[in-house]
Amino acid sequence: MYMSFRWLGQEDTIPLEYIRQIPRLRSIVAALYDLPPGAVWPQDRLQSLRAQAEAADLAWRVVESIPVPESIKLGGADRDRDIDAWMASMRNVAAVLGPASLVQNSADWSGRESPVVITYNFMPVFDWTRSQLARRLPDGSTCLAYDQEAVDRLDPLTSDLDLPGWLATYTRPQLTRLVAQYRELGSEAVYDNMVYFLKAISPLAEELGLQLALHPDDPPWPVFGIPRVIDGAPALRRLFTDVPSPANKLCLCSGSFGVNPDNNIVSMIDEFPERLAFMHLRNVKITGPHSFEECGHCSSSGDLDMAAIVEALVRNKFDGPVRPDHGRMIWGETGKPGYGLYDRALGAAYLNGLIEQAERSFGT
Ligand code: DNO
């Protein structure tokens, strides 16, 4: 298992050099964030991002994410065109980051020859959703939070939403139409559209040696009456039966699944070890029904047993990338909610400690 860190590209205020200074940090997770869903990612753009990472002595093996256009999630008239574009991006990612391109100065780094991972999600319209981007905690830090009562008071069509994961590129009429389409479509049809998409792209992923890492719905329940389909182990079981391709894998996000107490992350790791491509490791504190805060990464800060999660990964011989996930804002830092440097760096250091200890216990 190797540690990585999300870097948000040119607009990220955190220098790559600082990321490299985190102990054991040798690789970034990145994407061409400025390109809209449906655009083909050009090789020269991928190449220059890779070169930028390598100039800072960091590898780039994990793409997070190539966005899936709404036409694909809706099963619309343009979906085959958009799937072709997605596959063209897959080809370019494989050509630029692929198995033949080893990272320099990394003889001592375990991720050196690891497969390239492409992360994606199948959440309609809003991606990850929170009701508060900066809830103040008693220690003065701030965190992201989700409160169902607050969300119930919001109408996505009339409220001024400032949602963290949402590509706020839709005009109000587009948003109105999309929300109505998804509400009418329902979750079974969205699921079928996901299967259609995966059946179309997984043969190419296998051929190119890419791992497709599906990020779960965050939170794992319907938001604003819009369906969400990857909410727990039964949904995963069904998906891996319907699309058995070995390229069909997971970005198992402990914090997304973990806010539903019915989801046991350790059992999921034990049940789907061969499906794990990438891990988002963060803790969460459940504050009420369908409500939670994003706490620090340590087990004692929230409701997930992070040591048991890391132990399960080592026990199952997981050798892919992991990353700390959303951090709180601490020490006066300002920046993109969830994506500051300090608390994520603390998270990486803590997780590295857990990994070292678990690897010793299991003799790996
Ligand atoms: C939030 C992230 C998500 C994730 C996508 C994966 O911080 O975990 O935005 O990148 O959902 O496609």
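Counting starts at 1 for both ligands and their atoms, following the listed order. This is a predicted model, so every value here is computed, not measured.
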Donor-acceptor contacts under 3.5 Å from residues 200-213 side chains, at least two apart:
unit_1: S202; atom_1: OG; unit_2: L198; atom_2: O; d: 2.6
unit_1: E206; atom_1: OE2; unit_2: S245; atom_2: OG; d: 2.6

Report task. Run the numbers for me: atoms of ligand 1, each under 4.0 Å from some heavy atom of H280, listed by number. Result -> 8 (O)
Query raised in the report: When the ring planes of Y146 and W221 are compared, do they come out parallel, tilted or perpendicular, using 30° and 60° as the limits?
Result: perpendicular
Query raised in the report: How would you list, by chain and number, every residue that makes a side-chain contact (heavy atoms from CB on, under 4.5 Å) with Y2, sequence neighbours excluded?
Result: S27, R61, V62, W109, S110, S114, P321
Query raised in the report: Is there a donor-acceptor contact under 3.5 Å linking the side chains of N283 and S301?
Result: no
Query raised in the report: Which part of D127 is near ligand 1, with near meaning a heavy atom under 4.0 Å away: side chain, backbone, both or neither?
Result: side chain
Report summary line: So for R6 against ligand 1, with non-hydrogen atoms under 4.0 Å, the contacting part is side chain
Query raised in the report: Between R135, Q132, R130, K285, which is the residue that forms a side chain to side chain donor-acceptor pair (under 3.5 Å) with E293?
Result: R135
Query raised in the report: With atoms numbered from 1 as shown, which atoms in ligand 1 lie under 4.0 angstrom from a non-hydrogen atom of Y339?
Result: 1 (C), 2 (C), 7 (O)
Query raised in the report: Short list, please: which atoms of ligand 1 are under 4.0 Å from a heavy atom of Y120?
Result: 12 (O)
Requested in this report: Check ligand 1 against S65 and write out every atom of the ligand that is under 4.0 Å from a heavy-atom position of the residue.
Outcome: 5 (C), 6 (C), 10 (O), 12 (O)
**Report entry** Heteroatom distance test (D325, ligand 1): nitrogen or oxygen, under 3.5 angstrom
**Finding:** no
Query raised in the report: Quick one: CD on E54 to CG on L16, what's the gap to the nearest 0.5 Å?
Result: 11.5 Å
Query raised in the report: Just which atoms of ligand 1 are under 4.0 Å from any heavy atom in N121?
Result: 5 (C), 6 (C), 11 (O), 12 (O)
Report task. Find out whether the Lys NZ or Arg CZ of R79 is both under 6.0 angstrom from the six-membered ring centre of F197 and within 45° of the ring's axis. Result -> no
Query raised in the report: Taking the inter-plane angle between the rings of H326 and Y339 on a 0 to 90° scale, is it parallel (under 30°), tilted (30 to 60°) or perpendicular (over 60°)?
Result: perpendicular
Query raised in the report: Hey, which atoms in ligand 1 end up nearer than 4.0 Å to a heavy atom of M123?
Result: 11 (O)
Requested in this report: Please say whether H326 places an N or O atom under 3.5 Å from an N or O atom belonging to ligand 1.
Outcome: yes
Query raised in the report: For ligand 1, which atoms sit closer than 4.0 Å to a heavy atom of E64?
Result: 2 (C), 4 (C), 8 (O), 10 (O)
